[in-house]
Amino acid sequence: MSLFTFSHVTFRYPTQTERPALDDLSLTIPEGEKIVVLGRNGSGKSTFLLHLNGLLRPKHGQILFRGEPLDYSRRGLKRLRQQVALVFQNPDDQLFSASVFQDISFGPLNLGLSEEEAWARVREAAAICNIEHLLERPTHALSGGEKARVALAGVLAMRPDVLALDELMASLDPWGRAKIRDILDGYHARNKTVLLISHDLGLVKHWSTWVIVIHQGKAVFSGRVEDLLDDQGIMDETGLLAIWREAMQDCL
Amino acid sequence: MHLIDRYAYSNALRHVDPLIKGGLALWIIVLCLGLNEPLVGLFAVVWMGILAVGLANIPLRTFGGLLLTEGAFLLLATIAVILSISMTQPSMDGGWTIHLGPIWLATSRVSLYQGANLILRALGAAAAMNFLALTTPMVDVIALLRRLHMPGVIIDLMTLMYRFIFVLLESLERMVRAQDSRLGFNAPPMRRLQNAAWIATHLFIEAFLRSRNLQQALASRGYDGGDLRVLPASYEFDVRLLVLGALALTNLLFIWWLI
Ligand SMILES: Nc1ncnc2c1ncn2[C@@H]1O[C@H](COP(=O)(O)OP(=O)(O)OP(=O)(O)O)[C@@H](O)[C@H]1O
Ligand SMILES: [Mg+2]
């Protein structure tokens, strides 16, 4: 069974007059893959991500999660968000608490865990993300890479099945990225699905097992990397071909 | 803001229960305001200095500098009490008058005493506030208010506002730098004003967008209304501070009783 199935999903922001942000988008996402979402600026990637755990609700079309339509009731959303965690592009949007351990404890406490259990989750997530030494720090006194790892720990503490990241690595240096990638790999190894928006073609080639390409609000591709490379039509239409060639030339 | 915050997180009393620090500061303030005696204010300043520098390891320069700044403002505010200004020669006994052109400045022993009384007591209260601010991060103050059963809404507002101060300070810094590097502050005055207005507008928009993103991020981690729950911090019990604090309070009361 596939993890997510989007069928003809359309979403338009209230202020949007031209083409909607998601325009009749259909795709399926398999479970347990390392997925990279590609697409140009403004193509609708972030909007797509916000649909995964019900933060945005499609105007038309339907989203299935493990075969069931998304339940937008309060309880349904709570269950969904426990399973599908989002990390936002800018960690500052996510970190609201004044100190690191408190911020990480927010999700677990929302799940209804006791304080002891929440502490255990905080420690576990901190260990995974290598930020044990930062737990007592104020959130505003962290570097960009540290903030990113704290934001990641904040959702890992909820032990989600699906981890979706919106360009979290964009502002990190290669070492910072490698660290995050290790964390994601570790997480994926426990049979979890990791999905991330990225403009890093290296990541697509050497890391991902599945690629989604979004173009002008439509999903033009969802499949294995090799198949994408073979599909000259899509590569051409989305402008990926030219960039890809350039990137691969750089590698030579 | 950054300076105070830095000490709040790194001082030697960082992990002491904020109830002790907050309670002590509150009592000092109450005594300074309640007891009408300038020496109480003076001793409060000295005691707070001893505790901040001696126990919390705050540099004397920082503590003193902060207090001097506040003192300067207090001095400005009390000038009206100390000096009386008039266009005619004031008639008073036991005072001093200076005569600057058509203006007469006058003061007396009584008004000098009143001025000193005001300044010293206010400074004592300020020193207590500084002690709290320099030794206790805002998080702990907020957590303390929570323990004292302050309503959750207020607590959450304080948490978010505190967090947003830094987020917006960062944005402000970025915008100012962006303008500065394009000579935005070397422009003609009118233009400079426009640039400043631009920053203000965009800071406002940014705050709005940020709050929307934050709302989404909170919802994404399972928040569906009610209090923003996070783990409470754990604190130590510091006997030294407790004893010295009690000593300071008794000392202030004793001075008042003595005079
Ligand atoms: N809050 C909003 N209000 C109105 N329009 C929006 C809003 N957010 C996004 N849009 C518009 O919706 C479209 C898709 O935006 P989205 O943020 O999903 O793109 P994206 O693929 O994530 O882009 P990027 O790579 O720049 O992050 C864009 O045309 C954008 O202008
Ligand atoms: Mg985006």
Side-chain angles (χ1 to χ4, degrees), chain A residues 46 49-50 52-56 73-75 77-116 118-119 121-122 135-141 151 154-155 157-158 160 164 166, chain B residues 1-10 14-15 136-143 146 155-171 173-174 206-235:
Chain A
S46 298
L49 213 66
L50 292 174
L52 291 181
N53 71 357
L55 285 170
L56 294 180
S73 71
R74 207 176 149 126
R75 278 189 53 220
L77 284 179
K78 193 153 195 155
R79 275 216 353 252
L80 178 66
R81 287 170 187 167
Q82 176 173 3
Q83 291 165 302
V84 183
L86 298 193
V87 184
F88 293 78
Q89 180 161 7
N90 184 351
D92 271 328
D93 287 340
Q94 183 172 327
L95 305 177
F96 75 95
S97 231
S99 73
V100 168
F101 78 91
Q102 288 182 323
D103 205 277
I104 302 177
S105 73
F106 179 66
L109 287 174
N110 280 334
L111 295 179
L113 299 182
S114 72
E115 285 185 1
E116 292 85 74
W119 255 118
R121 292 287 187 99
V122 169
L135 282 180
E136 294 283 334
R137 283 264 205 104
T139 34
H140 57 78
V155 301
M158 299 174 75
D166 193 345
Chain B
M1 188 78 205
H2 279 292
L3 180 85
I4 293 180
D5 209 61
R6 205 176 69 224
Y7 285 115
Y9 275 98
S10 61
R14 159 75 174 88
H15 293 288
T136 316
M138 196 61 189
V139 213
D140 289 356
V141 176
I142 295 172
R146 191 193 295 273
I155 304 279
D156 293 343
L157 277 177
M158 288 179 70
T159 308
L160 293 180
M161 270 155 64
Y162 175 70
R163 172 80 187 113
F164 262 63
I165 288 175
F166 289 98
V167 168
L168 292 178
L169 264 182
E170 243 166 60
S171 307
E173 222 168 283
R174 210 182 53 232
E206 168 123 350
F208 175 76
L209 292 178
R210 286 291 179 105
S211 62
R212 192 200 57 198
N213 293 351
L214 181 69
Q215 163 73 34
Q216 278 186 337
L218 291 182
S220 173
R221 283 200 281 165
Y223 175 69
D224 56 0
D227 289 354
L228 296 165
R229 284 192 60 214
V230 293
L231 281 171
S234 58
Y235 303 112

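Residue numbers begin at 1 in each chain, while the letters A, B, ... track the order of the sequences.
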Engineer: Measuring from atom CG of B:D5 to atom OH of B:Y162, what distance do you get when rounded to the nearest 0.5 angstrom?
Structural biologist: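 One gets 3.5 Å once the value is rounded to the nearest 0.5 Å.
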Engineer: For B:S220, what residues pass the side-chain contact (heavy atoms from CB on, under 4.5 Å) criterion, not counting sequence neighbours?
Structural biologist: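 side-chain contact (heavy atoms from CB on, under 4.5 Å) check on B:S220 returns A:N53, A:L55, A:L86, A:F88.
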Engineer: Please state whether the side chain, the backbone, both or neither of A:L50 comes within less than 4.5 Å of a heavy atom of chain B.
Structural biologist: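 Contact with chain B involves the side chain of A:L50 alone.
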Engineer: Checking A:D103 against chain B: side chain, backbone, both or neither under 4.5 Å from a heavy atom?
Structural biologist: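 Backbone plus side chain of A:D103, per the 4.5 Å heavy-atom cut-off to chain B.
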Engineer: Against chain B, label A:L95 side chain, backbone, both or neither, depending on which of its atoms sit under 4.5 Å from a heavy atom there.
Structural biologist: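 For A:L95, heavy atoms of backbone and side chain both lie under 4.5 Å from chain B.
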Engineer: Could I get the full list of ring pair (Phe, Tyr, Trp, His ring centres under 6.0 Å) partners for A:F101, not counting sequence neighbours?
Structural biologist: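 Counting only residues at least two positions away or on another chain, A:F101 forms a ring pair (Phe, Tyr, Trp, His ring centres under 6.0 Å) with A:W119.
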Engineer: Identify which part of A:Q94 has an atom lying under 4.5 Å from any heavy atom of chain B, answering side chain, backbone, both or neither.
Structural biologist: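 Both parts, heavy atoms under 4.5 Å.
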Engineer: For the atom pair CD1 (B:I4) and CZ (B:R6), what is the distance rounded to the nearest 0.5 Å?
Structural biologist: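 It comes to 11.5 Å.
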Engineer: Considering only heavy atoms, which portion of B:L209 lies under 4.5 Å from any heavy atom of chain A: side chain, backbone, both, or neither?
Structural biologist: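 For B:L209, no heavy atom lies under 4.5 Å from chain A.
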Engineer: Between B:Q215 and chain A, which part of the residue has a heavy atom less than 4.5 Å away: side chain, backbone, both or neither?
Structural biologist: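 Neither part.
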Engineer: Which one wins on heavy-atom pair count under 4.5 Å against chain B: A:E115, A:E136, A:R137?
Structural biologist: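 Greatest number of close heavy-atom pairs with chain B: A:E115.
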Engineer: Answer with side chain, backbone, both or neither: which region of A:L111 has an atom nearer than 4.5 Å to a non-hydrogen atom of chain B?
Structural biologist: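 Contact with chain B involves no heavy atom of A:L111 at all.
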Engineer: Pick from A:R74, A:Q82, A:K78: which one has the most heavy-atom pairs with chain B under 4.5 Å?
Structural biologist: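 Most heavy-atom pairs within the cutoff with chain B belong to A:R74.
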Engineer: Look only at the side chain of A:S105 and the backbone of B:V230, and say whether a donor-acceptor pair between them is shorter than 3.5 Å.
Structural biologist: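 The answer is no, because no donor-acceptor pair under 3.5 Å joins these two groups.
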Engineer: Check this for me: B:R210, atom CZ, are more than 12 non-hydrogen atoms of other residues, nucleotides or ligands nearer than 6.0 Å?
Structural biologist: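 Counting neighbours around CZ of B:R210, more than 12 heavy atoms of other residues, nucleotides or ligands fall under 6.0 Å, so yes.
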Engineer: Checking the side chain of A:Q83 only, and the main-chain atoms of A:P160 only, is there a donor and an acceptor separated by less than 3.5 Å?
Structural biologist: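 Not a single qualifying donor-acceptor pair exists.
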Engineer: Sort B:L218 into side chain, backbone, both or neither according to what part of it lies under 4.5 angstrom from a heavy atom of chain A.
Structural biologist: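 Its backbone and side chain both get close to chain A.
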Engineer: Tell me, side chain or backbone of B:Y9 under 4.5 Å from chain A's heavy atoms, or both, or neither?
Structural biologist: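 Answer is side chain: those atoms of B:Y9 sit under 4.5 Å from chain A.
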Engineer: Return the CD1 to OG1 distance between A:I104 and A:T139, rounded to the nearest 0.5 Å.
Structural biologist: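 Here the interatomic distance stands at 10.5 Å.
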Engineer: Using a 4.5 Å cut-off on heavy atoms from C-beta on, say whether the side chain of A:D93 contacts that of B:L214.
Structural biologist: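 No - every pair of side-chain heavy atoms lies 4.5 Å or more apart.
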Engineer: Side chain, backbone, both or neither: which part of A:V122 has an atom under 4.5 Å from a heavy atom of chain B?
Structural biologist: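 Side chain only.
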Engineer: Tell me, out of B:N213, B:D224, B:T159, who's got the most heavy-atom pairs with chain A below 4.5 Å.
Structural biologist: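 Most heavy-atom pairs within the cutoff with chain A belong to B:D224.
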Engineer: Can you tell whether the side chains of A:D92 and B:R163 come within less than 4.0 Å, N to carboxylate O?
Structural biologist: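 Yes, this pair counts.
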Engineer: Between B:R212 and chain A, with a heavy-atom cut-off of 4.5 Å, which part of the residue counts as in contact: side chain, backbone, both or neither?
Structural biologist: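 Neither part, no heavy atoms under 4.5 Å.
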Engineer: Would you mind telling me which of A:H140, A:M158, A:Q102 has the largest number of heavy-atom pairs within less than 4.5 Å of chain B?
Structural biologist: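 Of A:H140, A:M158, A:Q102, A:H140 has the most heavy-atom pairs under 4.5 Å with chain B.
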